[in-house]
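Working notes for the structure below.
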Protein chains: 2
Amino acid sequence: MLNTQVTSKQPHSVPTIKDVAKAAGCSTATVSRALATPEKVSDATRKRVNQAIAQVGYSPNIAARNLRRAESKTIVALLPDISNPFFSEIISGMEDVAHQAGYQILIGDCEHDPARAEAYFRLLSTNQADGIVLLTSEIPRALVKQADKQADFPLVMACEFFSDIDLPLIAIDNHQASCQAIDYLVSLGHQRIATLSGPAHNPICQERNRGYRDTLAAHQLSSEARIAEGNFGFRSGYQQGLALLEGKTPRPTAIFCHSDEMAVGVLKAARQLGISVPDQLSVVGFDNIGLSEYCDPELTTISQPRNEIGQQAMQLLLHLLRGEQPIRHQTLSSHLIVRKSTGRLKG
Amino acid sequence: MLNTQVTSKQPHSVPTIKDVAKAAGCSTATVSRALATPEKVSDATRKRVNQAIAQVGYSPNIAARNLRRAESKTIVALLPDISNPFFSEIISGMEDVAHQAGYQILIGDCEHDPARAEAYFRLLSTNQADGIVLLTSEIPRALVKQADKQADFPLVMACEFFSDIDLPLIAIDNHQASCQAIDYLVSLGHQRIATLSGPAHNPICQERNRGYRDTLAAHQLSSEARIAEGNFGFRSGYQQGLALLEGKTPRPTAIFCHSDEMAVGVLKAARQLGISVPDQLSVVGFDNIGLSEYCDPELTTISQPRNEIGQQAMQLLLHLLRGEQPIRHQTLSSHLIVRKSTGRLKG
DNA sequence: AATTTGAATGTAAACATTTACATTTTAGCG
DNA sequence: CGCTAAAATGTAAATGTTTACATTCAAATT
């Protein structure tokens with residue numbers, strides 16, 4: 001028989017596990033078990049408890065649970081800049097598997113501010129977060145080094161990495177992706193191929209630039225290597241695009257950009273200078289964001305499996321949290337999507 | 001004198017407030033006060049406590065604090081889709097003032113899934129969140145109605161709203177913004193002006209469409225009204241753009257779009273049909289996202305003060321949380337940015 | 001010197017869970 | 001029927017804070 005009297009003293013207080021216990025005629029321990037480990041509770045009791053829960057409208061107080069269990073079921077996704085649409089689908093992939101496993105995602109936007117990154121790292125020591133997926137290398141190395149020293153600091157990287165700190169990582173092979181892009185441009189007959197890189201200190205850019213140089217060398221074009229530096233954004237693409245295209249040195253006939261936004265900036269620069277793409281200039285982007293199908297001309301670009309990267313990164317982190325010894329590195333495959341911004345030279 | 005012995009039994013356990021108290025030679029209550037209300041503690045003690053904190057490396061356990069204070073210092077920002085760059089700067093503005101006040105932001109991506117929205121609302125009743133900033137009207141109305149009934153449910157809306165539920169709101173005047181855009185197009189000599197609206201059931205779109213119709217009427221152009229419906233994304237802009245431009249009915253000479261992405265989609269459609277913008281077709285966007293300066297032609301669009309919207313929304317929410325009776329509505333001003341996608345008809 | 005005041009501090013309860021351990025109940029078996 | 005083992009449940013401690021209330025102490029007032 002269910003106790004149908006609501007017996008809490010303050011009429012409008014939030015029901016606790018005690019109220020459920022009273023209504024179900026059992027102890028709080030049993031209620032707790034009915035929720036956490038239903039198989040340890042008899043069928044009859046479990047049914048009574050569930051009815052009681054519905055009856056009093058109970059939902060567990062998470063702060064109390066977190067305190068007692070010393071966990072937060074929260075994962076921090078640390079990224080340099082939310083406004084970059086590149087990240088949104090990665091986050092989406094992370095959320096899928098995180099929610100599945102009962103975890104929440106806290107998006108940490110560092111905005112290139114070391115203090116913010118530090119604040120987010122601190123969440124781990126205060127039990128406000130259980131792990132971190134690091135999507136940027138633009139944070140104080142000291143933080144990461146310290147974390148790496150701790151035996152099992154649940155930290156994984158995705159897309160980006162550090163050249164000198166070996167952390168669990170989910171990413172594409174940036175060197176190879178770059179080689180593929182340059183190879184393709186060479187196959188179209190281009191000889192003066194420039195790269196519009198992201199920040200020079202960024203390891204993924206270094207990888208891509210290495211691929212660039214290696215491929216040029218493989219085709220005896222090393223003397224033509226030319227790397228400009230941007231910051232992944234539209235504006236830097238435009239500015240560096242202008243610089244590359246209007247210099248006195250012989251103008252490049254192709255530009256490989258480390259992001260789609262920069263590529264679109266280059267398109268604008270070319271337009272302004274009356275250089276037609278792809279007839280007089282080929283442009284390759286990176287990431288295959290939504291925009292790349294809708295700019296003019298549609299962008300040839302390298303596609304990363306963003307959703308899968310997010311999923312796998314979260315998977316990897318969950319393994320770490322369970323104390324399992326997982327694969328530390330996973331390389332996913334990128335591929336070149338040929339659209340309309342590349343071609344053989346004409347006129 | 002500070003007690004320099006570390007006296008905790010488990011050598012690697014996280015230091016608690018007790019450890020600090022022991023090291024500072026006072027009670028835990030005093031330590032707590034030294035942190036929360038320093039003015040209630042003598043200078044000497046405060047100094048000792050601070051030294052002790054540094055010495056043992058203490059940082060408070062937030063779960064315990066949340067439990068005791070029955071708060072989480074977390075605000076949920078509920079939005080329909082993270083991948084829309086329109087939201088990122090709003091979030092950014094929210095974060096600025098939230099962090100200032102010691103709050104965190106949890107980004108809740110609903111992905112148009114009612115269950116997700118519900119889950120985020122539930123965070124409030126379980127003390128996992130203290131308030132919600134609602135940036136979408138695409139969630140179950142029942143949720144909102146119920147929230148609205150509760151005396152002081154800390155919920156504010158930004159940008160979007162419900163026509164039949166009166167919640168605290170920070171937004172621009174969508175009707176007026178729309179009038180301004182249409183007026184401008186009329187002033188350029190356009191008569192057949194179409195609108196590419198967002199979802200028809202969306203109140204902000206309804207406002208904009210009302211402005212559209214009112215302005216046409218003011219110019220005796222009502223018979224020319226034509227509204228297509230998209231979903232704010234590139235693809236729908238492209239598809240609806242094609243539909244509007246290649247129909248048998250006389251083709252519109254201007255299209256007012258409810259988002260920049262749709263406007264860029266329309267640009268692509270026009271390009272494909274050989275319609276030149278702005279000579280044969282004018283296009284106006286909405287939101288002034290980064291892209292709008294880099295597409296071809298650069299987009300004439302309506303700019304919303306996104307950062308300020310975020311700041312004010314959070315400000316408003318903080319007022320509610322403090323139990324103050326704040327202004328319930330705040331209208332911020334938008335403005336038309338004229339670029340290259342609009343002009344008088346030529347040829 | 002006795003009394004009052006206010007500031008500074010301490011004591012211990014409260015927050016809502018989980019879980020180790022103890023106890024009771026049930027089932028199985030000879 | 002008695003005994004044992006296993007299953008189900010209960011008791012109470014523990015998690016790390018905050019804070020109401022009590023106490024102490026020093027300064028100010030009479």
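Each chain gets a letter, A, B and so on, in the order the sequences are listed, and its residues count up from 1.
- At the phosphate of D:dT18, OP1 or OP2 sits under 4.0 Å from a side-chain N or O atom of B:R65.
- If you measure from atom NZ of A:K47 to atom C1' of D:dA8, you get 17 Å, rounded to the nearest angstrom.
- To the nearest 0.5 Å, the span separating CG on B:D166 from CZ on B:R328 amounts to 5.0 Å.
- Distance B:E71 CD to C:dA14 P: 21 Å, rounded to the nearest Å.
- When rounded to the nearest whole Å, the span between CZ of B:R33 and P of D:dT17 equals 15 Å.
- Comparing A:A29 and A:E39 by the nucleotide of DNA chain D that holds the closest heavy atom to each, the one mapping nearer the 5' end is A:E39.
- B:K18 places its NZ atom 11 Å from the C1' atom of D:dT17, with the value rounded to the nearest Å.
- Remark: B:S27 is not in phosphate contact with C:dT9, judged by side-chain N or O atoms under 4.0 Å from OP1 or OP2.
- Applying the 4.0 Å criterion to OP1 and OP2 of D:dG16, one finds that B:T16 has every side-chain N and O outside that range.
- OP1 and OP2 of D:dT17 both lie 4.0 Å or more from every side-chain N or O belonging to B:T28.
- What separates CZ of B:R46 from P of C:dA7 is a distance of 15 Å, to the nearest Å.
- Evaluated for a side chain to side chain contact (heavy atoms under 4.5 Å, CB included) with B:F87, the options B:L135, B:I82, B:I107 yield exactly one hit, B:L135.
- A:Q311 and A:Q315 form no side-chain donor-acceptor contact under 3.5 Å, judged by distance and modelled atom types alone.
- The shortest distance between the side-chain N/O atoms of A:T45 and the OP1/OP2 oxygens of D:dT9 is below 4.0 Å.
- Between B:D43 and B:A64, the residue whose closest nucleotide on DNA chain C is further toward the 5' end is B:D43.
- Interface remark: the A:R68 side chain does not form any donor-acceptor pair with the D:dT15 base, using a distance-only criterion of under 3.5 Å.
- Atom-to-atom, NZ of B:K40 to P of D:dA20 comes out at 9 Å; the value is rounded to the nearest Å.
- For C:dT18, one of the phosphate oxygens OP1 or OP2 lies less than 4.0 angstrom from a side-chain nitrogen or oxygen of A:R69.
- The residue A:S32 sits close to a base: some heavy atom pair falls under 4.0 Å.
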Q. Step by step, would you call A:E95 with B:R116 a salt bridge (charged side-chain N to carboxylate O under 4.0 Å, His left out)?
A. CA-CA 11 Å; A:E95 281 186 331; B:R116 292 232 185 170; 3.5 Å; yes
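- Between the P atom of D:dG16 and the CG atom of B:D19 lies a distance of 9 Å, rounded to the nearest Å.
- One side chain, B:S72 or B:D130, offers a donor N or O that lies under 3.5 Å from an acceptor on the other.
- When rounded to the nearest whole Å, the span between CD1 of A:I17 and P of D:dT11 equals 14 Å.
- Of all nucleotides listed (D:dT17, C:dT17, C:dG10), D:dT17 comes nearest to the side chain of B:Y58.
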